[in-house]
Amino acid sequence: MAGAATPPLLRIGVLALLVLQNTSLRLVMKHARTVSPNFSATAAVSACEVLKFSVAITVLARVRRSLTTALVEVLNYRELLPMLVPAALYLLADRLHHVSTRRLDVAAFQVLSQSKVLTAALFGKVFRGRDYSSRQWFCLCAIAGGIAICQLADIGVDTVPMPDLLGVATVMTTSLLGAAAGTYIEATLQRGSGDGVLWKRAAQMAANGCLIAAGPASRSNLEGFVFSAWMVVALNAAGGLLVAAAMRYADNVLKTLAASLSIVVSTVAATIFLSAPAPSSRFAFGGLIVVGSIYVYGTAPKVVVETRAEAAEKA
């Protein structure tokens with residue numbers, strides 16, 4: 001597996017950039033919606049996929065020393081069609097996300113959606129053969145709880161009402177679909193070697209994204225696209241490429257933890273740079289739980305799994 005031989009500094013660097021990108025995106029999106037609240041999110045998604053494809057195919061062309069070779073490699077239907085699987089899973093998850101936000105109170109949705117931290121680890125264990133120590137499982141639960149505390153504090157509620165059962169089911173299904181798509185992409189990105197693998201897979205995912213987004217985007221326009229809206233597109237595209245790098249050099253769980261940490265960092269940054277209200281004491285408490293748990297998770301001893309061959313040798 002490619003991620004096993006990755007230098008620790010490279011993994012840390014990719015994840016740090018992902019935290020920075022997520023934080024910047026939250027701040028810029030908040031500003032863009034303030035300046036131009038009606039710019040089309042559908043058009044922004046389509047533009048983001050086009051930009052991701054353009055960047056990925058350009059870099060791959062430099063690696064292969066030929067744009068034609070790069071295009072032929074990326075558009076090979078035998079490799080391109082399987083990449084429709086995670087794209088379709090993400091699309092279905094997005095549709096269910098809209099259902100759950102309609103069926104659930106904001107507080108209930110914010111709390112239940114943190115299940116994605118645990119489902120990412122569960123899929124990593126079942127489908128990628130990763131083992132997590134009891135300390136790491138505890139940290140993952142604490143991170144999910146800490147983010148829930150932060151988000152409840154952010155929307156100013158103390159209790160979570162009894163949620164709608166269909167809403168709960170859709171949130172959990174969304175988390176499972178996201179974890180399945182992330183695990184699939186991680187396995188695909190970590191298969192093979194060479195610098196071109198990352199950019200080829202990123203270009204293939206973006207090509208499928210362009211295909212899926214083309215229909216809805218044809219019914220929207222670029223009206224209201226101010227500079228900050230274009231910055232949202234650029235940051236989203238950078239995020240897509242960084243997620244691919246995180247899947248290649250780290251794993252789906254660490255990518256999810258980077259996204260969780262960015263929620264805390266972006267709130268603090270909004271207070272500093274956007275004159276937003278200072279976080280409450282409850283938010284600070286939840287933030288400390290998240291930061292501390294991520295540190296403990298990262299420094300916990302790795303579980304060593306003995307393979308059958310190793311067991312046979314000892315016997």
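Along the sequence shown, the residues carry numbers beginning at 1.
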Taking 4.0 angstrom as the limit, do K200 and E79 come out as a salt bridge?
-> yes

Which residues satisfy the salt bridge (Lys or Arg N to Asp or Glu O under 4.0 Å) test with K30, sequence neighbours excluded?
-> none

Can you find a heavy atom in the side chain of T58 that is under 4.5 Å from one in the side chain of L67?
-> no

Roughly how far, to the nearest 0.5 Å, is CD1 of I263 from OG1 of T23?
-> 9.5 Å

For L242 and L17 the tightest heavy-atom approach is CD1-O, 3.7 Å

Mind listing the closest non-hydrogen atom pair of F283 and A153 along with its distance?
-> N-CB, 3.7 Å

Evaluate the criterion side chain to side chain contact (heavy atoms under 4.5 Å, CB included) for residue pair N22 and S266; output intermediate values, then yes/no.
-> CA-CA 8 Å; N22 272 274; S266 61; over 6 Å; no

What's the shortest heavy-atom distance between W230 and A47, and which atoms?
-> CZ3-CB, 4.2 Å

Do you know the tightest heavy-atom contact between L189 and A244?
-> CD1-O, 3.3 Å

Side-chain heavy atoms under 4.5 angstrom apart, residues restricted to Ile, Leu, Val, Met, Phe, Trp, Tyr: same cluster for L20 and V268?
-> no

Group every Ile, Leu, Val, Met, Phe, Trp and Tyr by side-chain heavy-atom contacts under 4.5 Å, then state whether I212 and V50 land in the same group.
-> no

Atom pair CH2/CG of W137 and D131 - distance to nearest 0.5 Å | 9.5 Å

Linking Ile, Leu, Val, Met, Phe, Trp and Tyr by side-chain heavy atoms under 4.5 Å, what else ends up with V28?
-> L25, M29, F227, M231, V232, L235

In this structure, CG of L198 is separated from CE of M247 (nearest 0.5 Å) by 12.0 Å

If you measure from CG on L84 to CG on N208, what distance do you get to the nearest 0.5 Å?
-> 4.0 Å

Determine yes or no for a side-chain-to-main-chain donor-acceptor pair under 3.5 angstrom, with S24 supplying the side chain and Q21 the backbone.
-> no

How far does CZ of R201 sit from CG of L60, to the nearest 0.5 angstrom?
-> 11.0 Å

Are the side chain of S293 and the backbone of V290 linked by a donor-acceptor contact shorter than 3.5 Å?
-> no

Mind checking whether Y297 and V265 sit in one hydrophobic cluster, side chains of I, L, V, M, F, W, Y counted as touching below 4.5 Å?
-> yes

Are any non-hydrogen side-chain atoms of Y90 and M205 less than 4.5 angstrom apart?
-> no

Just by distance, with hydrogens left out, do S115 and S175 show a side-chain donor and acceptor under 3.5 Å apart?
-> yes

Does I289 sit in a hydrophobic cluster with other residues, and if so which ones, taking ILVMFWY side chains as linked at heavy-atom separations under 4.5 Å, directly or through other members?
-> I149, F285

Compare every heavy atom of A258 with every heavy atom of L18, then report the nearest pair and how far apart it is.
-> CD2-CB, 4.0 Å

Nearest-0.5 Å distance, SG of residue C139 to OH of residue Y295 = 11.5 Å

Side chains of V117 and S260 in contact at under 4.5 Å (non-hydrogen atoms) = yes

May I ask whether F123 and L257 are part of the same hydrophobic cluster, defined by side-chain heavy atoms of I, L, V, M, F, W, Y residues being less than 4.5 angstrom apart, directly or through others?
-> no

Would you say L241 and W199 make side-chain contact, with heavy atoms under 4.5 Å?
-> yes

Looking at side-chain heavy atoms only, is the closest gap between D251 and R128 below 4.5 Å?
-> no

CZ (F138) with more than 12 external heavy atoms under 6.0 Å | no

Closest approach of A148 and Q114, non-hydrogen atoms and distance?
-> N-CG, 4.0 Å

Kindly say whether V74 contributes a backbone atom to a donor-acceptor pair with the side chain of Q204 at under 3.5 angstrom?
-> yes

Under a 4.5 Å cut-off applied to non-hydrogen side-chain atoms, are Y184 and P82 in contact?
-> yes

Transitively linked via ILVMFWY side-chain contacts under 4.5 Å: V14 with I185?
-> yes

